[in-house]
Amino acid sequence: MSRESTRPVFPKRAVITGGMPYGNKELHFGHIGGVFIHADFFARFLRDRIGEDNVIFVSGTDCYGSPISESHRQLVEKGESDLSIEEFVSHNHRLQKEVLEKYNISLNLFSASGLGRAKEIHQQVSKEVFDRLYENGYLSKSTTSQFYDPELEVFLNGRQVEGYCPIEGCRSDKGYADECSLGHQYMPSELINPRSRLTGNKPILKDVTNWYFKLEDFQALLQKWVDHLLQQDNTRPLLTNILQEFLKPPVIYVKKDYQEEVDSLRSRLPEFKIEEEENKSSFEMIFNSLEDREKACNELTENNIRYRTGKTLVPFRLTGNAEWGVPAPEKEGVEGLTFWVWPESLWAPISFTRTYLETKEQEDDEWKKWWLSPDAGVYQFIGEDNIYFYGLAEPAMFMAFQGKDDLTIDPEEGDMQMPNLIANSHVLFLDKKASSSAEVKPPMARELLEYYTTEQLRAHFLGLGLGIRSVSFQPKPLNPKANERDGDPVLKEGNLLTNVLNRLARSCFYTSQQYYDSKIPVGKVRDEVLQGAKEAVLEYEQLMYKYEFHNVMNLLDSYIRDANKYWSAGMKEVKDTGNMDLQAQIVIDSFHMLRTAIVLTHPAAPEGTEMVCEYLGFGKEFWNWDRIFDTVYDFMENPKEHVLKTLEPRVDFFKKHPSQLK
C-alpha cells in the first residue's frame with residue numbers, strides 16, 4: 001500500500017492548548033522549550049493543513065494555587081513588593097505574554113484564569129462543571145485532615161507544607177500537602193516529615209470538609225481508554241507508561257522485616273493478597289478497594305509498622321479553603337470554599353476558548369463545535385509531571401459529563417470529546433533537572449535571546465526528541481564547563497536554517513536576478529525532483545500525525561541538504577560545460593525544492609520562511625496544503641512575467657544572532 005493512499009486524516013477543527021504557567025514568575029526556558037514551541041509548531045502546521053480559521057490555539061497564566069500565594073507572601077514579607085496578589089499575577093502575566101511574542105508563539109489568545117473577562121467566564125465555567133458533576137452523582141463530600149499551623153492559626157495549602165512523598169519508588173525531592181513535585185497524590189496524613197514553610201514548625205492536622213470527584217470509580221473506563229491509546233500509532237509510550245502505573249489496584253509496600261507482624265494482624269485487616277519478589281526488600285499487600293487500603297493503613301500505623309503506599313486512583317479533590325481562588329458553589333450547607341487549582345486549570349482551556357470566541361462575536365454556544373464534536377480535535381501539550389491530571393482526572397471528568405449511565409470513551413456529538421495528549425519529558429539543564437537553587441541557575445526564556453535568535457532556539461528544542469526521553473539543554477554561553485574550541489550544541493539545528501537553507505534560497509534568488517531578469521525561467525520540473533518533493537511531503541505529514549517532531553527536523557535536514565547538493569553539483573557542471581540550458585533546469589528544479597522546503601519549514605521558522613514567500617511574490621495561499629504538490633508556477637498569473645522581489649547583497653532570510661557574527 002502506498003504512502004499516498006494512507007495519508008493521515010486530521011480533524012475539521014482543532015483546539016491546541018499549551019499548558020498554563022503559574023503566575024508567580026515569568027517564563028523559564030523549560031516553559032518555552034518543553035511545551036510552547038512544540039504546541040506552536042503543531043498549531044502552525046494545522047493552520048496550513050486544515051485552514052487558519054479552523055484552528056484555535058489558547059493558553060493562559062494560571063493565576064491561582066499555593067506557589068503563587070507563597071511567592072507573593074514572601075515578597076511582601078521581605079518588603080520587596082507592595083502589590084496586591086492580583087497585581088502581582090497581572091505583572092507576571094504581562095511578562096509571560098511578552099516572552100511568548102518574542103518566541104513567535106502564535107496563540108489566538110494568551111489569557112489569565114484570574115484576570116479580566118476571562119476571569120468572569122472561568123468562574124461561570126467552573127460553576128457549570130461543578131453543578132454537572134454534582135447532578136450526575138460523581139461528587140462526594142468528605143471531611144478529612146488538613147495541615148494547620150498552630151503558631152499562626154492558619155490552614156496550610158499546597159506548597160505551604162513540605163516533606164517527602166510517601167509513594168513507593170518516588171524520586172521527587174519535595175512532597176507538598178497532598179501531592180509531590182512529580183504529581184503523585186496522597187492523603188496529607190501520609191506525608192513524611194511535614195514542615196510548615198511559614199514558621200518551620202511541624203504542623204498539626206485539623207478536620208476540614210471538601211468536595212471530591214469520584215475518580216476511583218472510573219478505573220475500568222480509564223483502563224479501556226488507555227487500552228485504546230495503546231492501539232493508536234501516534235500515542236507516545238511516555239504517556240501510557242505513566243497512566244498504567246496509576247491504574248494498578250491499591251497497594252501497600254511493607255519491609256520484609258515486618259512480615260511476622262503483618263501476619264499476626266491479618267484477622268484485623270481487610271482482605272488482601274501478598275506478592276513479593278526475591279530480590280526486593282519489600283512485599284506488596286494488594287487490596288480490593290481504596291477504602292480497604294485506608295483501613296489497613298490505619299491499622300499498620302497504630303501498630304508502628306512502617307509502610308509506603310503505591311500509585312493508584314484516589315478521590316480527586318475539587319475544593320479547598322484558599323482565599324485566593326475561584327469560588328466554589330455552595331452545596332449541602334458547605335460554603336466558603338474555592339476550587340483547588342489543579343481541577344479548575346483542567347477546564348481553563350474551555351474558558352479561554354469561550355473567551356476568544358466572544359472576542360470574535362460568536363454565539364455563546366459556539367465553543368461546543370470545538371470541544372463537543374467528533375469532527376473537532378483537542379490537542380493538549382503537557383509535561384510528564386502533569387500526566388496524572390490531564391491523562392486521568394481530565395478524561396474521567398469529561399466522561400462524567402455524559403450522564404449517569406452508559407458512559408463511553410467514544411463520545412457522540414454533544415458530549416465532551418476525549419483529548420489528544422502530547423506529553424514531553426523533562427528538559428534538563430546542563431545534565432540536571434532545572435532548579436533555581438542549583439549552583440548554575442537555569443536561564444529564563446528571555447535571557448536566551450541574548451545569545452540566540454528565536455528561530456535557532458525553536459529549531460533546537462524541536463530537535464531534542466523530548467517525546468522519547470529527558471534531554472539536556474547545553475547552551476555553550478551558559479555552560480561553565482564548555483570548551484572554547486567546541487561547537488555550540490544549540491546551534492546544530494539552527495545551522496540548517498542559517499547556513500544550508502539560507503544558502504539555497506540566496507543562490508536561487510541571486511541567480512534569477514543575474515541571468516533571468518529576476519524571474520524564474522519557465523519550464524518543467526524534472527520528474528525525479530517532483531517525486532522527491534512528494535515523498536518528503538508525505539513522510540512529513542505522517543511524522544506530524546505521530547508528533548515525532550525530532551524526526552520532522554531530521555527529515556528537513558536530509559531534504560534541504562540534498563537540495564543544496566543538487567544545486568552545487570549542477571552548477572559545477574554548468575561551470576565546467578557552459579551549458580546554459582542545464583543552468584535553467586537547475587534553477588527550475590531548485591525553486592521547486594526551495595518551495596517544498598519552505599512550506600515544510602514554515603511551522604518551525606515562520607519569520608524566515610515568510611520572508612522567502614514575500615520575495616517570491618506570493619500570498620497566504622502559498623502555505624495551503626490543499627496545494628502542497630503545486631509548483632511555483634501554479635501561484636503565478638503569468639509565469640513569464642512574474643518578477644521576484646530583488647534580494648540585495650548580503651541579505652539573509654535566516655539570520656544569525658549578532659553575538660555569533662565575527
Side-chain angles (χ1 to χ4, degrees), residues 1-17 38-39 41-42 45-46 49-50 183 215-249 311-313 346 370-402 405-425 465-469 538-552 555:
M1 188 177 292
S2 69
R3 181 177 280 154
E4 187 173 8
S5 65
T6 58
R7 291 181 67 180
V9 176
F10 293 93
K12 293 180 180 179
R13 293 176 300 281
V15 175
I16 290 90
T17 74
H38 296 77
F41 184 56
F42 194 68
F45 163 70
L46 282 184
R49 182 67 177 76
I50 65 175
L215 179 59
E216 69 278 19
D217 290 355
F218 287 79
Q219 200 275 346
L221 272 170
L222 288 170
Q223 186 62 62
K224 277 187 181 180
W225 186 58
V226 173
D227 291 342
H228 168 74
L229 293 177
L230 288 167
Q231 295 172 13
Q232 307 307 303
D233 60 0
N234 63 346
T235 298
R236 291 180 172 175
L238 169 68
L239 174 68
T240 48
N241 288 345
I242 291 178
L243 292 179
Q244 287 177 308
E245 290 179 4
F246 286 99
L247 294 176
K248 294 177 180 178
K311 299 174 186 177
T312 192
L313 296 182
L346 294 176
W370 300 84
W371 288 85
L372 275 64
S373 173
D375 288 340
V378 175
Y379 299 87
Q380 300 192 292
F381 286 76
I382 60 175
E384 67 174 285
D385 290 353
N386 300 335
I387 286 175
Y388 175 87
F389 301 102
Y390 285 95
L392 295 170
E394 179 182 84
M397 284 193 288
F398 283 7
M399 287 187 281
F401 295 158
Q402 295 171 16
D405 302 306
D406 301 323
L407 305 188
T408 176
I409 65 169
D410 188 22
E412 298 179 351
E413 181 80 36
D415 285 323
M416 291 292 295
Q417 301 299 301
M418 301 298 279
N420 299 284
L421 300 178
I422 303 95
N424 276 347
S425 298
L466 293 173
I468 302 173
R469 64 195 180 284
L538 295 175
E539 183 178 354
Y540 178 100
E541 192 176 52
Q542 290 284 350
L543 293 173
M544 290 298 286
Y545 171 74
K546 294 180 179 180
Y547 321 121
E548 294 181 10
F549 302 147
H550 65 295
N551 283 331
V552 170
L555 170 65

Given Leu372 and Glu413, is the side-chain contact (heavy atoms from CB on, under 4.5 Å) satisfied, shown in steps? CA-CA 6 Å; Leu372 275 64; Glu413 181 80 36; 5.7 Å; no
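The CD atom of Glu384 sits 11.5 Å away from the CZ atom of Arg236 when rounded to the nearest 0.5 Å. Here Leu239 contributes atom CG and Gln232 contributes atom CD; the two are 12.0 Å apart, rounded to the nearest 0.5 Å. Between the OH atom in Tyr388 and the CD1 atom in Ile382 there is a gap of 13.5 Å [rounded to 0.5 Å]. The CG atom of Leu392 sits 7.0 Å away from the CZ atom of Phe246 when rounded to the nearest 0.5 Å. Phe41 contributes atom CZ, which lies 11.0 Å from atom CG of Leu46 (distance to the nearest 0.5 angstrom). In this structure, NE2 on His38 lies 7.0 Å from CZ on Phe549, to the nearest 0.5 angstrom.
Within the 4.5 Å cutoff, the side chain of Leu230 has heavy atoms near those of the Gln244 side chain. A heavy-atom distance below 4.5 Å is not found between the side chains of Glu548 and Gln542. For the pair Phe218/Leu313, no side-chain contact is recorded, criterion being any heavy-atom separation below 4.5 Å from C-beta on. The side-chain heavy atoms of Glu394 and Gln380, taken from C-beta on, include a pair separated by under 4.5 Å. Here the side chains of Arg49 and Glu541 are in contact, with some heavy-atom distance below 4.5 Å.
The two residues Met418 and Ile409 come nearest to each other via the heavy atoms CG-O, 3.4 Å. For the residue pair Leu407 and Gln402, the shortest heavy atom distance occurs at CA-OE1, 3.3 Å. Among all heavy-atom pairs drawn from Leu222 and Pro395, the shortest one is CD2-CG, 4.2 Å. Considering every non-hydrogen atom in both Leu238 and Asn424, the closest pair reads CD2-C, 3.7 Å. Looking at every heavy atom in both residues, Trp225 comes nearest to Pro419 through CZ2-O, 3.8 Å. Taking all atoms of both residues into account, the shortest heavy-atom contact from Gly377 to Pro11 is N-CB, 3.7 Å.
Between Phe42 and Phe381, the ring-plane angle classifies as tilted under the 30° and 60° cut-offs.
Under the 3.5 Å distance criterion, the side-chain polar atoms of Arg13 are left unmatched by any main-chain donor or acceptor of Ser373. Between the Thr235 side chain and the Leu229 main chain, a donor and an acceptor come within less than 3.5 Å of each other. Between the side chain of Asn420 and the backbone N or O of Val378, at least one donor-acceptor pair lies under 3.5 Å. Formation of a donor-acceptor pair under 3.5 Å by the Asn234 side chain with backbone atoms of Tyr545 is found in this model. Using modelled atom types, one side-chain atom of Gln219 and one backbone atom of Leu247 make a donor-acceptor pair closer than 3.5 Å. Between the side chain of Gln417 and the main chain of Asp415, a donor-acceptor pair closer than 3.5 Å is present.
More than 12 heavy atoms of other residues, nucleotides or ligands sit less than 6.0 Å from atom CD of Gln223. Surrounding CG of Asp410 are at most 12 heavy atoms belonging to other residues, nucleotides or ligands under 6.0 Å away.
For Gln231 and Asp227, the side-chain atoms include no donor-acceptor pair closer than 3.5 Å.
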